[in-house]
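Structure record follows, encoded as structure tokens.
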Amino acid sequence: MSEIVIEVGKRHIREINEEIQDACKSGKPIRVVDTLSRHNLGVGLPDGADITFEGSVGYYCGGLNTGSNVRIERNSGWATGEGMAKGHIEVGGRAGMSCGAAMIGGTIHVKGDAGPRCGVAMKGGNIVVEGTIGYQSGFMAHAGKIIALGGAGESCADALWEGEVWVAGPVESLGVDVNVIEPTAEEVAEVDAILEPLGLVDSSRDWRKMVSGQRLWYFEARDASAWLMI
Amino acid sequence: MCGIAGRILNAPGTVGRDLVALMAAQEHRGADSTGFAVYGAPMDAGYVLRGMGFDKAQMDGDLELFRATLKDHGADLMGDPSIITDANKHYCFRMEISDPRDLAAWVKDTDELSGRIEVQSCGRSLEIVKDIGGSEEVGEKHKVHDMIGTHGLGHARLATESSVLPNASHPFWARPFSDVAIVHNGQITDYFTWRDKLQRQGYRFLTENDSELIAVWVSDQMKQGLSMEQALRKSIHSIDGVFTFMITTPDGIGFAKDRFAMKPLVVIEQAGELAAATEEQAVRTVFPDECEVINHDGPSLVGIWGVGNRSMAA
């Protein structure tokens with residue numbers, strides 16, 4: 001099947017995104033070229049489209065995705081896939097700050113490192129990072145899994161809600177109100193089921209699973225020390 | 001939110017044009033005002049000044065007063081000043097002066113005229129140009145595209161902590177330290193505490209902009225014996241707030257980033273040349289091909305980039 005090629009360059013982003021939306025209706029693969037790290041490319045993609053960004057993109061690429069399969073061949077800027085509900089985003093290089101912020105479903109797969117606050121306030125879905133996740137990743141994640149095959153930066157999983165942060169490598173430091181627990185075999189199998197379609201299963205990994213300590217969920221005067229940790 | 005940029009070339013070149021492009025790509029981060037700091041060929045003696053007068057109806061009288069302060073300190077103009085005016089009430093000037101007997105003492109005296117006329121940069125090679133408006137507009141008005149130099153800074157300002165005034169625009173000169181300039185993206189929350197301490201040491205601030213404070217703070221630390229790197233590292237734990245700032249001397253550019261990692265900085269280095277900016281799409285205006293991009297997006301970071309392999313020990 002032939003692909004539709006869309007040029008970015010210095011054109012207005014609204015015009016490019018309208019062209020992408022029209023191309024999605026054709027059912028053909030879409031290749032976006034000369035991306036020049038521009039912001040807001042491919043925001044609000046529909047279900048079922050297949051789109052490749054050739055090169056690096058700026059902020060919010062793939063944000064509010066509702067089911068498209070998105071490939072970014074090199075790096076992505078801040079808030080890649082912010083608020084996405086469904087679909088798959090692959091970042092070939094590194095992802096900037098707040099990757100997958102507030103996402104509610106779907107999967108983001110970062111082949112390099114992810115910057116600070118990866119998965120901040122996410123409410124579902126999965127983020128798989130082959131490298132490391134940056135400072136304060138998982139901050140206030142309500143649901144979903146952040147899975148880092150490399151390490152994690154400072155203040156990891158700070159103030160988690162019901163989200164989970166899984167790290168296979170070294171963790172620089174933990175955030176407040178985090179418990180590190182030994183995952184059960186069933187839980188590891190769940191994570192492997194997420195990694196399997198990405199070809200990333202490795203049974204030798206030494207997982208650290210981080211969950212909320214739940215001391216910050218509700219304020220209680222008798223436990224004020226937990227709040228003073230912030 | 002503001003946008004900042006830095007540029008280093010291997011040899012004197014079109015650094016002004018590059019800075020205009022870097023800032024035009026970030027104009028959405030703040031279109032209140034734009035400014036540039038460019039390091040051109042250094043003078044052997046004397047200083048180049050850039051500044052602003054606030055009422056062009058009073059220009060002749062104010063410039064005469066200004067010249068009188070120079071003469072009082074054993075210096076004078078080395079030629080006719082260049083004056084830039086438009087429909088605005090304020091005007092801008094560029095002038096070259098011979099060496100005052102004591103630069104800091106002369107700067108202190110000129111500060112007495114600050115309601116009427118204000119020096120905004122003083123250096124052997126530093127020139128700061130800043131004004132109300134976007135990058136292309138300010139660049140065109142002040143012929144920044146034609147400014148030749150080795151390195152410099154740019155700033156697009158979204159005014160938050162102080163007014164939209166031409167003199168509250170960035171970059172800021174670290175008065176009275178010659179050839180030191182700064183651009184800053186962020187907010188300093190203990191601004192008044194530090195300003196009070198520095199004022200008690202004799203420093204003067206002509207605006208209420210928190211970035212003016214950082215320029216003087218870092219320079220003062222270096223005056224007390226710290227290296228640039230030590231001063232930048234100390235700033236992370238001494239100054240409260242969220243910030244990424246870049247500071248320049250004739251030797252290069254240094255940066256510091258706060259403990260909370262809220263303000264981005266993206267860098268491309270190729271063959272000894274460098275572009276740094278708040279947004280990657282800005283640095284791609286001078287390095288358009290796909291290449292290695294360094295995201296300094298972690299907390300508590302400092303870095304120094306020398307010009308022509310010079311260190312930043314100034």
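Just so we're on the same page: letters track the sequence lines, and every chain starts at 1. Not measured: the values here are computed from a predicted model.
Of the listed residues (A/Gly115, A/Gly58, A/Pro116, A/Gly153), the one with the most heavy-atom contacts under 4.5 Å to chain B is A/Pro116. Interface summary for chain B: among A/Gly134, A/Ser56, A/Gly93, the most heavy-atom pairs under 4.5 angstrom belong to A/Ser56. When B/Gly298, B/Pro288, B/Ala25, B/Pro264 are compared by the number of non-hydrogen pairs under 4.5 Å with chain A, B/Pro264 comes out ahead. Top candidate by heavy-atom pairs under 4.5 Å with chain B, chosen from A/Gln136, A/Arg94, A/Lys10, is A/Arg94.
Within the model, atoms CZ of A/Arg38 and CZ of B/Arg284 stand 11.5 Å from one another, a figure rounded to the nearest 0.5 Å. Of the inter-residue distances, the one linking B/Met262 atom CE with A/Arg117 atom CZ reads 5.0 Å to the nearest 0.5 angstrom. Atom CG of residue B/Asn295 and atom CG of residue A/Asp113 lie 10.5 Å apart, to the nearest 0.5 angstrom. B/Arg259 contributes atom CZ, which lies 9.0 Å from atom OH of A/Tyr135 (distance to the nearest 0.5 angstrom). Atom CD of B/Glu290 and atom OG of A/Ser37 lie 6.0 Å apart (nearest 0.5 Å).
A/Lys123 NZ: 12 or fewer foreign heavy atoms inside a 6.0 Å radius. The local environment of CD in A/Glu162 is sparse, with at most 12 non-hydrogen atoms from other residues, nucleotides or ligands closer than 6.0 Å. Within 6.0 Å of CD in B/Glu140 there are 12 or fewer heavy atoms belonging to other residues, nucleotides or ligands. Environment of CG in B/Asp196: crowded, with over 12 heavy atoms of neighbouring residues, nucleotides or ligands closer than 6.0 Å. Enclosure of atom OH in A/Tyr60 is not indicated, since only 12 or fewer non-hydrogen atoms of other residues, nucleotides or ligands lie within 6.0 angstrom. Within 6.0 Å of CD on B/Glu292 lie no more than 12 heavy atoms contributed by other residues, nucleotides or ligands.
Within the 4.5 angstrom heavy-atom criterion, only side-chain atoms of A/Glu154, from C-beta onward, approach chain B. For a residue to count as touching a neighbouring chain, one of its non-hydrogen atoms must lie under 4.5 Å from one of that chain's; by this rule A/Ser155 does not touch chain B. Using a 4.5 Å cut-off between heavy atoms, A/Arg74 touches chain B through its side chain atoms alone. With a 4.5 angstrom heavy-atom cutoff, B/His28 touches chain A only via side-chain atoms.
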